[in-house]
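Worksheet: one structure, shown below.
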Protein chains: 4
Amino acid sequence: MPSELRKQRDQERTEKRRLSLLESASRVFARQGYHRTLISDIVNDAGVGQGTFYRHFKDKRQIFEALFELLLQKVAAQFQDMESRPPQSAEEFRSASRDAYRRMAQVLDQNRDLASLLLREGRTIDAEFQRTVEGVFLEFAQLAQSFLDLGVARGFARPMRTDIVAQAIVGLVIALADSWWAGRFPGVDIDTLVDESVALAFDGMIAIPNTAQPS
Amino acid sequence: MPSELRKQRDQERTEKRRLSLLESASRVFARQGYHRTLISDIVNDAGVGQGTFYRHFKDKRQIFEALFELLLQKVAAQFQDMESRPPQSAEEFRSASRDAYRRMAQVLDQNRDLASLLLREGRTIDAEFQRTVEGVFLEFAQLAQSFLDLGVARGFARPMRTDIVAQAIVGLVIALADSWWAGRFPGVDIDTLVDESVALAFDGMIAIPNTAQPS
Amino acid sequence: MPSELRKQRDQERTEKRRLSLLESASRVFARQGYHRTLISDIVNDAGVGQGTFYRHFKDKRQIFEALFELLLQKVAAQFQDMESRPPQSAEEFRSASRDAYRRMAQVLDQNRDLASLLLREGRTIDAEFQRTVEGVFLEFAQLAQSFLDLGVARGFARPMRTDIVAQAIVGLVIALADSWWAGRFPGVDIDTLVDESVALAFDGMIAIPNTAQPS
Amino acid sequence: MPSELRKQRDQERTEKRRLSLLESASRVFARQGYHRTLISDIVNDAGVGQGTFYRHFKDKRQIFEALFELLLQKVAAQFQDMESRPPQSAEEFRSASRDAYRRMAQVLDQNRDLASLLLREGRTIDAEFQRTVEGVFLEFAQLAQSFLDLGVARGFARPMRTDIVAQAIVGLVIALADSWWAGRFPGVDIDTLVDESVALAFDGMIAIPNTAQPS
DNA sequence: AATGAATGAGTATTCATTCAT
DNA sequence: GATGAATGAATACTCATTCAT
């Protein structure tokens, strides 16, 4: 009895089906938004029967949740191999920041539909999901804050309310991602976006008098 | 002719009803979110009959739209009397920015429920409303951009991609408002928030070498 | 504003609607059984919209429950004015029993559909309803038992396990009602049924030797 | 020729599967009732695949039918070896009755789950099954009736509507079985139940004057 | 023969909208 | 104009049944 083989093959097929549903859901959510999407839209897009959906997910919320976790995994993977040595100089501080920023930009852009969807609708599902999403935002903010604290402690950054600035930075990233996806920066590449953001965050907007008046 | 008087009184009562429905809608939307709110929730909160809703609004979308316009009006009013004389110095540039920022912070905070709701859910209603909301965001960004352009032109601000920075600034404002409302800044007052934001936007995070090297 | 009048008229109409739904439910349940009956069958029979059902009842179980209570009320009403003076002689004991029996037979027969339905399906709805129904059966059995106990105490009845006999009597009543409704007693009237039951319960089946051997 | 042996073994295994499914069905039906039982409940209990069910039974109704027939067979077996010599005296009449009663009590109690299930739900499956069940009840009633007729003819029993009394007796048996299973007779053994039933059926409840008046 | 993933017909239920009073 | 009971279209979800492996 090749039941072992059978079992494995079945499992693989099941997993494939699940992924195909996730892809369809992502596509349809991106097109119509979470709330205007029916289960039937998803299964039609996936080309499977109505009942098949319920074999893999409890309801619309759960497939959305699964998409959310998928994105989190990808984000985590992107930062997996990131150097963790604390910066030794102002220059290293800045380059580490730029690196983190660039990685975030990349993972967001590589998962554009998913990320855009989750950023836009994640907090409109229900109270619990709202908390989940805000928890993730907060985690990022806290990561940023501890990095800022380090910079302040070592004198690479000026004294500041790092809690406030960290949240501002996260908001800035999200806002720019959103604008970028909305096509409001025609002709701008990601590197420019990153460079401008980092420049703003580090140097601010103010004209630098030193450089301008060398004499 | 009492019919004239009667007519006016009726009209007033009608207007009062409309406002009461708008208030209820705002309250209920804020509590449950747009998508989880039923017409019956709104009329129950307002203490009027189900049919009465339809005498004043076509559907849920329309009352949401009306709330959106109400907020826009209040924002506009806040900026009505703002001085429009272009800044003549770097110092004026900075203070004008802070003033604009503070006004925005005030109007958002005075309409906390409404603003929070619209920022969170405005783009999840439908495609058309999404465009409307993004149009408003864009307007703010453009306003900010033209102000930045002016700063750059006069040498108050360093050269930069003002289109990008403007959107970043708008995102930053929204993110901080959101965090503030979510209670993530316990013990922080609005002025501190504004000051930190302006400091970040103008000076960046970097330690100021001038101060460090006085000689 | 005749809102008072309006309210009353509305309430009356609502009550009428509710009764019409109960009647339809009773009719359809009787025809198809509880489990094979759809909400749509009931509303079609009542000639009202699908949503109207849910304005009056939570679900199919609840309308069944309401029918059950309706029957209980009618049974209670039938026994409302029953004489409660304890029997003073064997003859009174027997006639009081016959009277109770007859009343039960009447109320069951007057609510044939309802009673038949509830006796047949009442215990197949769910565990909780089963307990409810059995509770009612038990109440009747206990009533019968206390009556029997009295008869035994006064010497009108022979010593016996009145708990067992009481339940047997209740079962006997139900079985005969069921057979009667199923048309298994063609040409028999209710009085005959009652008389035979009482004779069986009181005298048993055995030939009476005294009477048979007068000489 | 090993194919012969193989065939037989296969057949045995098939039969074992069938029985295991029947047992599971009986168990699950008894626990949840027919209508609340899903095919999946049965196959899960039996530890076989969903498809296997359909290799042995057409649908839920058919497995219920099979259980019903199983019970009938057991009942028939119980009465197989029963003496068929007509009673020659009042005493034999009574003892034959008690014997039949006791056998019925035994077979019902030995198949408690099955019997309880079929008595409770048998008539709620569909119209056809209802007729089948009522046919079986009727058969029992007719058997009882012909026995009663014989008793009346020979003077062992008083003249009575034997059709009515027979059905009453059957109802009484069922009611007591039901009460017994429901635990409403704590501490009572089956023999007591049988004895009380026979006493009620033969002698009724009335106090026996003979004993009271010895002279 | 056994399996269990896939299927979709069948239903309960919700809720925006209407309209008689 | 206000009301709220009535409505039924729209949808989520279940579960018996099939069938490829």
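What's counted below: heavy atoms across the whole structure, side chains too, no hydrogens, waters or symmetry copies. Reminder, nothing fancy here: chain letters follow the sequence lines and each chain counts from 1.
Atoms CD (Gln11(C)) and P (dA5(F)) sit 10 Å apart, rounded to a whole Å. One can place CD1 of Ile63(D) at 12 Å from P of dA16(F), the figure rounded to the nearest angstrom. In this entry the distance linking OH of Tyr54(D) with P of dC15(F) reads 12 Å, nearest Å. Atom NZ of Lys60(B) is separated from atom P of dC15(E) by 10 Å (rounded to the nearest Å). Atoms CD (Glu12(C)) and P (dG4(F)) sit 17 Å apart, rounded to a whole Å. Taking atom CZ of residue Arg61(C) and atom C1' of nucleotide dT11(E), one finds them 19 Å apart after rounding to whole Å. Taking atom CD of residue Glu15(A) and atom P of nucleotide dA5(E), one finds them 13 Å apart after rounding to whole Å.
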For DNA chain F, what dot-bracket results from Watson-Crick or G-U pairs at under 3.5 Å, with [ ] for crossers and | for inter-strand partners? .||||||||||||||||||||
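Salt bridge annotation for Glu65(B)-Arg61(B): present, with a cationic side-chain nitrogen under 4.0 angstrom from a carboxylate oxygen. Of the charged side-chain nitrogens involved, at least one lies within less than 4.0 Å of a carboxylate oxygen, so that Asp45(B) and Arg27(B) count as a salt-bridged pair.
Taking the six-membered ring for Trp and thresholds of 30 and 60 degrees, Tyr34(B) and Phe29(B) have ring planes inclined between 30 and 60 degrees apart.
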For nucleotides 6-9 of chain E, give me every protein contact, N/O to N/O, under 3.5 Å, one pair per line with atom names.
residue : atom : partner  : partner atom : Å
dA6(E)  : OP1  : Arg17(A) : NE           : 3.3
dA6(E)  : OP2  : His56(A) : NE2          : 3.3
dA6(E)  : N7   : Arg55(A) : NE           : 3.4
dT7(E)  : OP2  : Gly49(A) : N            : 3.0
dT7(E)  : OP2  : Thr52(A) : OG1          : 2.4
dG8(E)  : N7   : Gly51(A) : N            : 2.9

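Under the side chain to side chain donor-acceptor pair (under 3.5 Å) criterion, Glu121(B) pairs with no residue, sequence neighbours left out. Judged as a side chain to side chain donor-acceptor pair (under 3.5 Å), and not counting sequence neighbours, Arg112(B) has no contacts. Under the side chain to side chain contact (heavy atoms under 4.5 Å, CB included) criterion, Arg13(B) pairs with Arg9(B), Asp10(B), sequence neighbours left out.
Interatomic distance, Arg36(A) CZ to Thr124(B) OG1, rounded to the nearest 0.5 Å: 10.0 Å. Here the straight-line distance linking atom CG of Leu114(C) with atom CG of Leu67(C) works out to 5.0 Å at 0.5 Å rounding. Atom-to-atom distance recorded for Asn111(C):CG and Leu117(C):CG is 11.5 Å, nearest 0.5 angstrom. With values rounded to the nearest 0.5 angstrom, His56(B) atom NE2 is found 10.0 Å from Leu22(B) atom CG.
In summary, the aromatic rings of Phe57(C) and Phe53(C) are positioned with their centroids under 6.0 Å apart.
Across residues 33-44 of chain B, Leu38(B), Ile39(B) each have a non-hydrogen atom less than 4.0 Å from an atom of DNA chain E (numbered order).
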